[in-house]
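Take a look at the structure set out below.
Proteins get letters first, then strands, A, B, ... in listed order; numbering begins at 1 in each. Side-chain atoms are counted along with the backbone in the values below, which use heavy atoms only and exclude waters and symmetry mates.
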Protein chains: 2
Amino acid sequence: MKRNTWQREAVREALGESEAFVSAQALHARMREEGSPIGLATVYRTLAKLAEDGTADLLQQDGEQLYRACTPGTHHHHLICRRCGLTVEIEAKPVEAWARQVAAEHGFTEPSHVVDVFGLCAECAARAAG
Amino acid sequence: MKRNTWQREAVREALGESEAFVSAQALHARMREEGSPIGLATVYRTLAKLAEDGTADLLQQDGEQLYRACTPGTHHHHLICRRCGLTVEIEAKPVEAWARQVAAEHGFTEPSHVVDVFGLCAECAARAAG
DNA sequence: CGCCTTGTTGATAATGATTGTCAATCCGGT
DNA sequence: ACCGGATTGACAATCATTATCAACAAGGCG
Ligand SMILES: [Zn+2]
Ligand SMILES: [Zn+2]
Ligand SMILES: [Zn+2]
Ligand SMILES: [Zn+2]
């Protein structure tokens, strides 16, 4: 049976405050700074569950797992600023079809895919130029 | 100045023997089994360099870095069996353009992308069914 | 060929993220 | 309020990767 705890809700809320992907460590640190007594292991566990539920998105970077609150129930991808982490959810209609097709062409079944676009956001590009 | 060592060549060769992505740990273990006295740190260092050179491809999975020999000088992506690791290099022409476009639409510059397709290869699918 | 400079190696320690442990705690149905 | 089991959290344990640093060896030179 699944229970409702203030910890789960606290993680959900803290995650929602960030536009960018964050690590479990970073999220835990931020929550602590804001006075929450939540434990590190709980943050790890909760984020993993949220990702399973589809409530959060997971991104692997440099062997680190980064999470982000995402609009549930929708399949989408991300455009991420590699400098500041600013992230935008994007549709990838042409890619969905392409992925299915290329898998089928090679006799692969149950296809899934990982698609992320990185770049410099307008603000970071301006700052780098200035 | 860059020197030629038997270690570098040994890693290149061992990497080429595998159709699938392998971890530094796994590659080192395999090399040792085959009698090579190469050190673990060297395998890590060499794989990282090969990836920089574009001689090897890098894939992040479960917070693990996996490497694979790749045809140098070509931009391509991978279709990977999530059961046995069998990997096929694939072209993604439509995706290249799409990625550039979606980045531009949101004011992002210097776009790059991560695109991988996973699935069950024919052999693994058959084995799962039988 | 032998010497020297310096990039490279490898055993080991150190780091850092993540997971396991397990008793104490808390949720929620009765 | 009571009970059973899910959840928590401090801490230890694990796992991949990186840093150290003394010993080694590649290759240019005389
Ligand atoms: Zn930015
Ligand atoms: Zn998609
Ligand atoms: Zn397979
Ligand atoms: Zn591409």
Subject >> Distance-only donor-acceptor check, side chains B:Q7 and B:T46, under 3.5 Å >> reply: no
Original post:
Given side chains that start at C-beta, do those of A:L79 and B:F108 come closer than 4.5 Å, heavy atoms only?
Top reply: yes
Subject >> Counterpart residues, side-chain hydrogen bond (donor to acceptor under 3.5 Å, both in side chains), relative to B:H113 (two or more places apart) >> reply: B:H75, B:H77, B:E96
Original post:
A:T42 side chain N/O closer than 4.0 Å to the phosphate oxygens (OP1, OP2) of D:dT8?
Top reply: no
Subject >> Electrostatic pair B:R127:B:E123 at N-O distance under 4.0 angstrom >> reply: yes
**OP:** Check whether any side-chain nitrogen or oxygen of B:T5 sits under 4.0 Å from OP1 or OP2 of D:dA26, and answer yes or no.
**Re:** no
Subject >> Of B:M1 and B:L40, the one whose closest DNA chain D nucleotide lies more 5' >> reply: B:L40
**OP:** Would you kindly give the CZ-to-P distance between B:R12 and C:dT8, to the nearest whole Å?
**Re:** 13 Å
Subject >> Length of the CZ-C1' vector between A:R45 and C:dT21, whole Å >> reply: 10 Å
**OP:** Decide yes or no for A:W98 and B:V115: does some side-chain heavy atom of the first lie under 4.5 Å from some side-chain heavy atom of the second?
**Re:** yes
Subject >> Separation of atom CD in A:Q61 from atom P in D:dA16, rounded to whole Å >> reply: 21 Å
Original post:
A:L27 has an atom CG; how far is it from atom P of C:dA17, in whole Å?
Top reply: 14 Å
**OP:** May I have the distance from B:K49 (atom NZ) to C:dT8 (atom C1'), rounded to whole angstrom?
**Re:** 7 Å
**OP:** Starting from C1' on D:dA26, measure out to CD on B:E9 and report it in whole angstrom.
**Re:** 15 Å
Original post:
Whole-Å distance between C:dT8 C1' and B:W6 CH2?
Top reply: 12 Å
Original post:
C:dC27, C:dG10, D:dA26: which one has an atom nearest the side-chain heavy atoms of A:R3?
Top reply: C:dC27
**OP:** Indicate whether OP1 or OP2 belonging to D:dT17 is found under 4.0 Å from a side-chain N or O atom of B:Y44.
**Re:** yes
Subject >> B:Q7 vs C:dG10: side-chain N/O to OP1/OP2 distance below 4.0 Å >> reply: yes
Subject >> Phosphate contact (C:dT8 OP1 or OP2) by B:R8 side-chain N/O below 4.0 Å >> reply: yes
Original post:
How do A:Y67 and B:K2 order along DNA chain C: which one's closest nucleotide is nearer the 5' end?
Top reply: B:K2
Subject >> Shortest side-chain distance from B:Q25, nucleotide among C:dA11, D:dG9, D:dA16 >> reply: D:dA16
Original post:
Expressed in angstrom and rounded to an integer, what is the separation of A:H28 atom NE2 from D:dA10 atom C1'?
Top reply: 11 Å
**OP:** Please figure out whether B:I38 or A:A24 has its closest DNA chain C nucleotide nearer the 5' end.
**Re:** B:I38
Original post:
Any idea which of C:dA11, D:dA10, C:dT19 is nearest the A:A41 side chain?
Top reply: D:dA10
